[in-house]
2 protein chains.
Amino acid sequence: MNNMPKLEILFELADVFKVFGDSTRLRILYTLFDDERSVGEIAETLSMEQSTISHQLRVLRTNKLVKLRRDGKQIYYSLDDDHVKKIIEMGLDHVLE
Amino acid sequence: MNNMPKLEILFELADVFKVFGDSTRLRILYTLFDDERSVGEIAETLSMEQSTISHQLRVLRTNKLVKLRRDGKQIYYSLDDDHVKKIIEMGLDHVLE
DNA sequence: ATAACATATGAACAATTATTCATATGTTCA
DNA sequence: TGAACATATGAATAATTGTTCATATGTTAT
């Protein structure tokens, strides 16, 4: 895999890593590691403002890292992709070595 | 792997992803995928200022993604870690799917 | 229809960061 | 020693971004 991807792909790639490059978003993703959670549950778990969580969930959704399901008044978010866990664990390997 | 790491680790993890979250740094890393290169070679390959490359190499070095070797006037950089390729390829998988 | 609740959104602000320019440091060779 | 070259560094600037506050949208039950 020695060929540099096209610039356009590189920008997308950088954007994906940018999404992982924020501790709030990482915490949200970890909250969703096992199960779906509503926005309120996530906010309470992390002791952060509902608005902050909602904004960041939008970033995660735009980048296809989480998906959502509406159930009545609540909206439940869950991981959208198996890559998510793998990418995080790869990064963790690097950090912990 | 359902346990959320300590906050301190999460910050470090976010920092690592932040490093990958910039297209210039990704391009530099790709330039080093196969072989070491001097700062000047990298700058010329990417058609970017020597100073820009040097600044970003420092970021990469601080985060242990590249290492360096001096040879005369030139300094040759190379990937420091097998994780680097793997993390990038994981991200690329996500982008390309 | 209206109240109560859950979530999303827009504007504003503070903080971070990538790049450039100018210059400093370090190395080689005459 | 001094000139030429390679790389690093500091300051300045422009752009991006995370959070908060206030409010809008959407849903349920009465």
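Proteins come first, then strands; the chains are lettered A, B, ... in the order of their sequence lines, and each starts at number 1.
In this structure, A:Tyr77 reaches the sugar-phosphate backbone alone: every heavy-atom distance under 4.0 Å involves primed, P, OP1 or OP2 atoms, never a base.
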### Task
Indicate for each nucleotide in nucleotides 15-24 of chain D, in 5' to 3' sequence, whether protein heavy atoms under 4.0 Å reach the base (B), only the sugar-phosphate (S), or nothing (-).
--SSSBBB--

### Task
At under 4.0 Å between heavy atoms, which parts of nucleotides 25-30 of chain C does protein reach? Answer with one letter per nucleotide, 5' to 3': B base, S sugar-phosphate only, - none.
-SBS--

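In terms of phosphate contacts, B:Arg58 brings no side-chain nitrogen or oxygen within less than 4.0 Å of OP1 or OP2 of D:dA8.
Residues from residues 60-68 of chain B that place a heavy atom under 4.0 Å from any atom of DNA chain D: there are none.
A 4.5 Å side-chain heavy-atom check between B:Leu46 and A:Met4 finds at least one atom pair inside the cut-off. You'll find the side chain of A:Met90 stays beyond 4.5 Å of the side chain of A:His94, heavy atoms only. Contact annotation: the side chain of A:Leu65 never approaches that of A:Leu79 to less than 4.5 Å [non-hydrogen atoms, C-beta and beyond]. Within the 4.5 Å cutoff, the side chain of A:Pro5 has heavy atoms near those of the B:Tyr30 side chain.
Remark: A:Asp93 engages no residue in a side-chain hydrogen bond (donor to acceptor under 3.5 Å, both in side chains) (not counting sequence neighbours). Under the ring-ring contact (aromatic ring centres under 6.0 Å, His included) criterion, B:Phe20 pairs with A:Phe17, sequence neighbours left out. For B:Ser23, the side-chain contact (heavy atoms from CB on, under 4.5 Å) partners two or more places apart in sequence, or in a different chain, are A:Phe11, A:Ala14. Here B:Thr62 pairs with B:Arg58 under the side-chain contact (heavy atoms from CB on, under 4.5 Å) rule; sequence neighbours left out. Listed by chain and number, the residues in a side-chain contact (heavy atoms from CB on, under 4.5 Å) with A:Lys67 are A:Ser78, A:Asp80 (sequence neighbours excluded).
Residue pairs meeting the salt bridge (Lys or Arg N to Asp or Glu O under 4.0 Å) criterion with at least one partner in residues 36-57 of chain A, sequence neighbours excluded, are A:Glu36-A:Arg69. Within the structure, salt bridge (Lys or Arg N to Asp or Glu O under 4.0 Å) pairs that include any residue of residues 15-28 of chain B comprise B:Asp15-B:Lys18 (at least two apart or interchain).
B:Ile53 places its CD1 atom 15 Å from the P atom of D:dT9, with the value rounded to the nearest Å. Atoms CD (A:Gln74) and P (D:dT28) sit 10 Å apart, rounded to a whole Å. Residue B:Leu57 contributes atom CG, which lies 16 Å from atom P of D:dA6 at whole-angstrom precision.
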